[in-house]
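First the structure, in the form of structure tokens, and then the observations on it.
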Amino acid sequence: MPPLLVLLLAAGAAMAAAGVIAIRASGAQPRLARRLAGARQVRVGDVPNLRALPPRPVRVVGRIRCPNPMVIERGDRLVAYHRDVQVKPPGAAWRSIERVRETRGFELWDHDGSIGVDPALAAEPLVVIPHVWRGTTRDLTDPSHRAAVARLGNTGADWPARSITRMVSVVERLTVVASIERDSAGQPTLAAPPGGYVISSLELPDAMRLLGGNRRWLMLAGYAAVAMGVVLGVGALVSSALT
């Protein structure tokens, strides 16, 4: 293989890899965004009457009905509660020291019908506005948190710490990306697609902004780098084949 071709292929691969790293660093969730935006919307009341089932997951929008929601301290009634407590050791990525996942099954409904959803099968993260607390390991008072930090090698130094909480309340209008399958009685029902339900309490434009991350310029630069890396590599191969 000619040295110039090897150099161009290596440069293209490096550029594409740098782009992927930039996309991840931007906080973007492109795979989740594609699943949410790419699904066709179907009304809740139309699902039980479908004769031909959609071959791909669809986006179903409705209200929540749950007879036994979780009730948290401040009185919110929830069907999903996700909390992650994380710390950041020096020179390392964020490490999780607590992961809470609590859910309640519910019905998604509109004026024409309802259908059951099990949020325990949701993809992560839930597409909702997260509640974020930031501090240091000195602020962590829970004994289990302190023990977990000690196991990571902390000897009393202040490491960055954060808690990210995502909740779905019974009062919210919800979007669920799900597969439609037939149950044992032959009736259409919602099923978790590969990767889990995509569950969002946001309107689609707001959800897409959230999934774009908090540094959109870095995400766009990452996609541009991936595209240029692919073009460079393909161009080098085509040029080599023609000479």
Side-chain angles (χ1 to χ4, degrees), residues 12-44 46-47 50 52-62 64 79-80 82 84 93-94 96 99 101 103 106 108 110 115 117-132 164-168 172-181 188-234:
M15 189 174 294
V20 171
I21 292 172
I23 292 169
R24 291 178 178 174
S26 72
Q29 300 279 340
R31 183 175 300 177
L32 210 57
R34 286 194 298 271
R35 293 183 61 194
L36 182 60
R40 176 170 66 91
Q41 188 157 313
V42 175
R43 297 173 62 252
V44 173
D46 290 340
V47 172
L50 291 172
L53 302 186
R56 300 181 59 188
V58 296
R59 192 169 62 239
V60 187
V61 179
I64 296 171
V79 294
H82 289 191
D84 294 277
W94 287 94
S96 179
R99 186 176 184 271
R101 300 291 183 268
T103 60
F106 63 89
L108 195 67
D110 61 19
I115 197 160
V117 178
D118 181 2
L121 303 177
E124 294 192 25
L126 299 171
V127 187
V128 302
I129 301 297
H131 301 270
V132 183
I164 304 173
T165 303
R166 295 178 174 88
M167 300 179 291
V168 176
E172 292 175 313
R173 185 170 182 265
L174 211 60
T175 298
V176 178
V177 175
S179 296
I180 300 182
E181 300 179 356
T189 187
L190 298 187
Y197 294 114
V198 180
I199 295 181
S200 172
S201 63
L202 304 175
E203 295 295 332
L204 185 58
D206 296 327
M208 297 307 290
R209 281 192 289 271
L210 179 70
L211 293 172
N214 53 8
R215 290 186 285 179
R216 292 180 62 84
W217 63 269
L218 187 57
M219 178 192 68
L220 295 174
Y223 277 116
V226 171
M228 288 189 292
V230 171
V231 169
L232 183 61
V234 171

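Values below: every heavy atom of this structure, side chains too, minus hydrogens, waters and symmetry copies.
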Query raised in the report: So, Arg59 side chain and Val177 main chain: donor-acceptor pair closer than 3.5 Å or not?
Result: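 Not confirmed, Arg59 side chain does not pair with Val177 backbone.
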Nearest 0.5 Å, please: how far is [atom2] in [Y] from [atom1] in [X]?
X	Y	atom1	atom2	value
Asp118	Thr103	CG	OG1	6.0 Å
Leu53	Glu181	CG	CD	8.5 Å
Asp46	Gln41	CG	CD	11.0 Å
Phe106	Ile115	CZ	CD1	11.5 Å
Leu126	Ser201	CG	OG	8.5 Å
Glu124	Arg99	CD	CZ	4.5 Å

Does the side chain of [X] reach to within under 4.5 Å of the side chain of [Y], using non-hydrogen atoms?
X	Y	result
Tyr197	Val117	yes
His82	Pro125	no
Leu202	Val128	no
Val198	Val176	no
Arg101	Asp84	yes
Leu211	Leu36	yes
Ile64	Val79	yes

**Report entry** Lys/Arg N to Asp/Glu carboxylate O, Arg173 vs Asp110, below 4.0 Å
**Finding:**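 Between Asp110 and Arg173 there is no salt bridge, as every charged N stays at least 4.0 Å from the carboxylate O atoms.
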**Report entry** Glu203 and Arg209 ion-paired at < 4.0 Å
**Finding:**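 No salt bridge links Glu203 with Arg209.
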Requested in this report: State which residue, out of Leu204, Thr175, Val44, Val42, fulfils the side chain to side chain contact (heavy atoms under 4.5 Å, CB included) condition with Val61.
Outcome: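 Among the candidates, only Thr175 passes.
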Nearest atoms (heavy-atom pairs only) where [X] meets [Y]:
X	Y	result
Pro193	Ala178	CD-CA, 3.9 Å
Leu174	Ser200	CD1-O, 3.4 Å
Leu210	Pro130	CD1-CD, 4.3 Å
Arg35	Pro194	NH2-O, 3.5 Å

